[in-house]
Amino acid sequence: MSETGRPDSGEGILPDHAIAALAAGGAIRTARPFDEDQIQPASLDLRLGPTAWRIRASFLPGPGESVAQRLERLALHQLDLTGGEVLETGCVYLVELEESLALRASIAASANPKSSTGRLDIFTRVIADRSRAFDVVPAGYEGKLYLEISPRTFPILVRQGSRLSQIRFRVGDTRLGEDELRALHRAERLVSTDDADVAGGGIAVSVDLSGDGFGGLLGFRAKHHTGLIDVDRRAACDVDDYWEPLVTRGRRELVLDPDAFYILASKETVHVPPAHAAEMVPFDPLVGEFRVHYAGFFDPGFGHDAAGGRGARAVLEVRSREVPFILEDGQIVGRLVYERMQALPTTLYGEGLRSNYQAQGLKLSKHFKAWTRD
């Protein structure tokens, strides 16, 4: 960090203290102070503002328009989130976020759903004014941010200040090349396999359908027509009211039902060293009729021994497409892309942050009570 408290000019993902410096310098603007735990080791949680709109369809404003201009034509109904509102499944909503940006020309950003958001099958995307892509904020952007929200399986209760998405800030080209990734795996053991599959800029992650590590449990399939979930309440919901446990019957495979949502686990444990951050990207869609991992950010220290990780499974949010598809044990379902940090974060994932998923196994979101198999 420089003497002015501004991030150094070196390339990399900005760590927590650099994010705080952005806010102090006016690059991140908000009407009220950050929540105590809003800044993560390599990202910032984004808070819903007081107003939401039910909209006819998802959209991108394109280079010539602001989001507000498009809203004038697409908004169906306005909702006041100050007292909380229910967002129904199958509907599309847009919410202006409390945080806006005034980035310098060297800093770009990208967004992703929070882990708990993905595990509830809530489809979210950040939209910036004049944007041509979701979840992408160009370098030097100045303006508001909006969040598109579409609950897919469970109706949800949200309010002003609810945090469903997160944003990372980066300077320059931060992604490791394949040779760098192989070298990092040799030095730090990024996944718990000796013959790691490194290709396409990422390291392969496969699905565990053996049932060996979880007492015969393969995962969970979401039920339909359930009660709502308050996104701000922890351990408030009974698992059996929302999920059907899937157990092995001697077959190391699972037939994905069309348009069903599953929580599964990776076969490998995952490690993100302190000087790096990672993101799960979906595997090539040409290899199967499914979509995996809505929420892809892995912070520095995830699965790290010194931060209480000792290796951690990646929980996989899997949604089948239009036709049934057989998913087999050990099948590659995603790739972890690693990026350099600009500097080490002050606090690693799992170190005093109430991190919900450090050292995790096959774990549902924080909204559910502990579940044990009968």
Side-chain angles (χ1 to χ4, degrees), residues 23 28-35 37-40 43-62 65-102 109-137 141-168 228-233 294-297 365 367:
I28 304 172
R29 300 171 177 173
T30 180
R32 60 191 182 99
F34 286 156
D35 297 340
D37 60 347
Q38 191 172 344
I39 299 179
Q40 305 298 322
S43 63
L44 173 71
D45 290 351
L46 297 171
R47 298 174 294 186
L48 301 184
T51 305
W53 295 267
R54 165 84 188 280
I55 57 177
R56 290 170 51 196
S58 176
F59 69 91
L60 280 169
E65 285 191 297
S66 68
V67 174
Q69 288 172 317
R70 294 298 299 272
L71 264 176
E72 292 178 2
R73 302 194 298 273
L74 294 173
L76 299 176
H77 180 65
Q78 185 169 311
L79 295 84
D80 181 0
L81 299 187
T82 55
E85 283 283 355
V86 174
L87 306 187
E88 301 286 354
T89 58
C91 299
V92 183
Y93 302 88
L94 194 72
V95 182
E96 183 178 335
L97 295 168
E98 290 197 342
E99 291 75 30
S100 62
L101 301 177
S110 62
N112 220 304
K114 288 175 59 65
S115 294
S116 295
T117 305
R119 295 186 201 194
L120 292 179
D121 198 20
I122 306 169
F123 189 68
T124 69
R125 301 189 287 198
V126 168
I127 307 176
D129 288 336
R130 300 172 298 281
S131 58
R132 298 183 179 184
F134 295 107
D135 286 332
V136 175
V137 180
Y141 176 76
E142 182 171 358
K144 296 178 179 180
L145 297 174
Y146 297 80
L147 188 66
E148 177 190 312
I149 307 171
S150 182
R152 303 294 303 276
T153 296
F154 309 119
I156 59 172
L157 176 63
V158 302
R159 56 187 59 80
Q160 182 180 8
S162 295
R163 288 143 54 177
L164 301 180
S165 190
Q166 56 195 336
I167 191 167
R168 274 184 177 169
L228 63 81
I229 296 175
D230 186 333
V231 300
D232 297 321
R233 291 188 64 194
Y294 292 63
F297 285 168
S365 74
H367 308 92

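These values consider heavy atoms only, across backbone and side chains, with no hydrogens, waters or symmetry-generated copies. Keep in mind that this is a model prediction, so the values were computed, not measured.
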Minimum side-chain heavy-atom gap K144-L97 below 4.5 Å: no
Non-hydrogen side-chain atoms of L76 and W53 separated by less than 4.5 Å: no
Heavy-atom closest pair, residues S150 and C91: OG-O, 3.0 Å
Nearest heavy-atom neighbours spanning G143 and S100: O-CB, 3.3 Å
Spacing of L79 atom CG and E85 atom CD [to the nearest 0.5 Å]: 4.5 Å
Residues L147, L46; criterion side chain to side chain contact (heavy atoms under 4.5 Å, CB included); working and verdict: CA-CA 9 Å; L147 188 66; L46 297 171; over 6 Å; no
Short side-chain to backbone donor-acceptor contact, H367 and V231, under 3.5 Å: yes
Note, Q78 side chain near T51 side chain (heavy atom, < 4.5 Å): yes
Heavy-atom side-chain proximity of F297 to S110 below 4.5 angstrom: yes
Side chain to side chain contact (heavy atoms under 4.5 Å, CB included) assessment of L94 paired with V67: CA-CA 10 Å; L94 194 72; V67 174; 3.5 Å; yes
OH-CD1 distance between Y93 and I149, expressed to the nearest 0.5 angstrom: 9.5 Å
Residues which pass ring pair (Phe, Tyr, Trp, His ring centres under 6.0 Å) with F154, listed by chain and number, not counting sequence neighbours: Y242, W243
Nearest-0.5 Å distance that lies between atom OG1 in T124 and atom CD1 in I122: 8.0 Å
Heavy-atom check, side chain of L71 versus side chain of I55, under 4.5 Å: yes
Sequence-distant partners of P50, side chain to side chain contact (heavy atoms under 4.5 Å, CB included), two or more places apart: T82, Q160
Closest approach of Q69 to S66 (non-hydrogen atoms, all atoms of both residues): OE1-N, 2.8 Å
Nearest-0.5 Å distance, CD1 of residue I156 to OG1 of residue T117: 8.0 Å
Side chains of R168 and Q40 in contact at under 4.5 Å (non-hydrogen atoms): no
Contacts of R159 that satisfy side chain to side chain contact (heavy atoms under 4.5 Å, CB included) - sequence neighbours left out: L157, S162, D230, D232
Heavy-atom pair with the smallest gap, counting every atom of F59 and I127: O-CD1, 3.6 Å
Pairwise side-chain contact, V158 with V95, heavy-atom cut-off 4.5 Å (strictly under): no
Euclidean distance, L164 CG relative to L48 CG, rounded to 0.5 Å: 5.0 Å
Atom of L87, atom of P151 and distance for their closest heavy-atom approach: O-CG, 3.7 Å
Considering all heavy atoms, the nearest E88-P155 contact: OE1-CB, 4.0 Å
Listed partners of R132 passing salt bridge (Lys or Arg N to Asp or Glu O under 4.0 Å), at least two apart: none
Between CG on residue L120 and CZ on residue R152, distance to nearest 0.5 Å: 13.5 Å
Pairs involving residues 70-84, ordered by first then second residue, that meet salt bridge (charged side-chain N to carboxylate O under 4.0 Å, His left out) (sequence neighbours left out): E65-R70, E65-R73
Side-chain heavy-atom pair S131, P61 within 4.5 angstrom cut-off: yes
Flag, side chain of Y141 to backbone of D129, donor-acceptor distance under 3.5 Å: yes
Inter- and intrachain pairs under salt bridge (charged side-chain N to carboxylate O under 4.0 Å, His left out), touching residues 45-59, at least two apart: D35-R47, D45-K114, D45-R163, R47-E98, R47-E99
